[in-house]
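Heads up: the structure comes next, in structure tokens.
Remember, it's 1-based here, ligands and their atoms both numbered in the order they're listed. Quantities reported herein were computed from a predicted structural model and do not represent experimental measurements.
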Amino acid sequence: MQEPVLQVKTLKTSFRTKNRETTIVDGIDFEIGPNEVVALVGESGCGKSMTSLSIMQLLPRAGEVSGGEIRFRGRNLLELTKKEMAQIRGRRISMIFQEPMTSLNPVLTIGLQMTEAIVRHLNADKTKANEIADEWLRRVGFPEPSRIRRSFPHQLSGGMRQRVMLAMAMSCKPDLLIADEPTTALDVTIQAQVLDLMRELLKETGMSVLFITHDLGVVAEMANRVIVMYAGQIVESADVRTLFTSPLHPYTKGLLQSTPRMKGAIEKLVPIPGSVPPAGTKLPGCRFADRCPIATPECREKPPELRQIGSGHTVRCIKA
Ligand SMILES: Nc1ncnc2c1ncn2[C@@H]1O[C@H](COP(=O)(O)OP(=O)(O)OP(=O)(O)O)[C@@H](O)[C@H]1O
Ligand SMILES: [Mg+2]
């Protein structure tokens with residue numbers, strides 16, 4: 001196997017308040033290989049965004065990585081200086097967020113925001129940077145890129161802003177793209193268009209992707225491999241086909257049963273009862289036991305280990 005682009009090893013991320021530390025991401029391990037699209041899935045609050053913000057070192061103030069390693073092309077990002085990290089962010093690793101209004105500056109034109117990064121990271125002059133920006137804007141479906149460059153974020157629709165973010169993220173040709181729910185805020189038709197576009201660009205550029213979503217339908221369309229997270233831990237991971245055809249963890253099965261398989265198909269969707277335990281809840285056994293249809297008293301005794309089942313298939317469940 002080729003050397004992975006990203007290796008996350010026993011990553012722990014916590015939030016500190018006055019007298020308490022709450023562990024949000026609790027010792028997760030995964031790798032992303034060259035050209036690989038890895039999906040990170042799980043219900044709201046399970047730690048997906050905190051994982052991606054840990055990698056980017058963009059955690060909110062009270063948050064910190066409290067353990068583990070994040071190796072990008074072999075270098076541990078946690079050991080870099082702020083300046084070194086700033087050179088990697090945007091240039092080698094870029095990120096797209098769910099709501100582009102939070103990452104676009106409302107008072108600057110799209111053009112200024114796009115070219116600022118291109119000038120800084122690619123050492124391009126202003127004219128060259130405008131050319132590169134136009135080329136990417138055209139590729140994400142804007143036939144008149146110079147008009148878009150002159151626009152302010154609020155003058156564009158949600159779908160247009162998300163395509164601008166994609167153009168921005170791609171313009172420095174990063175090795176790794178982190179997309180955190182990039183299409184969740186869009187309506188279904190626009191979502192499909194943006195996903196098609198992303199897939200095309202990824203095939204063309206060969207970049208690696210960490211694709212975060214709670215929508216398994218999107219996973220099936222986009223990813224090679226899937227990591228399922230629950231309450232800050234990985235509970236199952238497998239290649240996309242295996243995960244959809246032979247899921248092992250009751251939580252993964254639950255997620256699949258609560259996802260419509262075909263657009264418009266009439267089928268029975270079964271939601272998972274209950275909800276994710278609040279971050280920091282201390283449980284002696286399996287964190288999913290209270291919602292699990294097959295849990296026995298044994299499951300509540302000690303925390304289950306993540307076990308290797310087949311090649312590339314791991315599961316954290318003693319019953320699987
Ligand atoms: N600033 C903060 N201070 C303390 N806890 C936080 C903070 N931000 C998030 N959390 C907690 O971290 C946990 C994980 O949040 P995270 O945003 O990673 O979830 P997520 O999986 O991305 O969910 P979603 O699908 O809703 O985006 C949640 O329990 C949340 O309450
Ligand atoms: Mg999130």
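- Glu236 and His313 share a donor-acceptor pair across their side chains, judged by distance under 3.5 Å alone.
- Looking at atom 11 (C) of ligand 1, its nearest protein heavy atom turns out to be Ile24 CD1, 3.6 Å.
- Counting only heavy atoms, the protein never gets under 4.0 Å from atom 30 (C) of ligand 1.
- The pair Lys126-Glu116 does not count as a salt bridge, with every side-chain nitrogen at least 4.0 angstrom from each carboxylate oxygen.
- Considering backbone and side-chain N/O of Phe15, none are found under 3.5 Å from N/O of ligand 1.
- If you number the atoms of ligand 1 from 1 as listed, the ones under 4.0 Å from a heavy atom of Ala279 come out as 29 (O).
- In this structure, atom 26 (O) of ligand 1 lies nearest to the protein heavy atom Ser44 OG, 2.5 Å.
- Among the atoms of Ser49, an N, O or S atom falls under 2.8 Å from the Mg ion (ligand 2).
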Task: salt bridge (charged side-chain N to carboxylate O under 4.0 Å, His left out) evaluation trace for Glu36 with Arg225 - done: CA-CA 8 Å; Glu36 207 180 18; Arg225 208 148 49 76; 2.7 Å; yes
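- In terms of polar-atom proximity, defined here as any N/O pair under 3.5 Å, Ser49 does make such a contact with ligand 1.
- Not a single N or O atom of Gly42, backbone or side chain, sits closer than 3.5 Å to an N or O atom of ligand 1.
- Here the heavy atom of the protein found nearest to atom 23 (O) of ligand 1 is Gly45 N, 2.8 Å.
- Contact check for Leu201 versus Trp136: side-chain heavy atoms found under the 4.5 Å cut-off.
- At a heavy-atom cutoff of 4.0 Å, ligand 1 is contacted by the side chain of Glu181 but not by its backbone.
- In terms of protein heavy-atom proximity, atom 25 (O) of ligand 1 is closest to Lys48 NZ, 2.8 Å.
- Considering both main-chain and side-chain atoms, Pro60 never comes within under 3.5 Å of ligand 1 through any nitrogen or oxygen pair.
- Under the 30°/60° scheme for interplanar angles, the aromatic rings of His249 and Tyr251 are found to stand perpendicular.
- Closest approach of Ser208 to Asn35, counting heavy atoms only: OG-N, 3.3 Å.
- Of all heavy-atom pairs between Pro106 and Pro153, the closest is O-CD, 4.0 Å.
- Both the sub-6.0 Å distance and the 45° axial angle are not jointly satisfied by Arg92 relative to the ring of Phe72.
- Residue contacts with ligand 1 include Gly47, since one or more of its heavy atoms lies under 4.0 Å from the ligand.
- Counting only heavy atoms from C-beta outward, the side chains of Glu64 and Arg16 approach each other to under 4.5 Å.
- For CZ of Arg241, the number of neighbouring non-hydrogen atoms (other residues, nucleotides, ligands) closer than 6.0 Å is 12 at most.
- Of the N or O atoms in Gln98, none lie within a sub-3.5 Å distance of an N or O in ligand 1.
- Ranking the protein heavy atoms by distance from atom 9 (C) of ligand 1 puts Met50 CE, 3.4 Å first.
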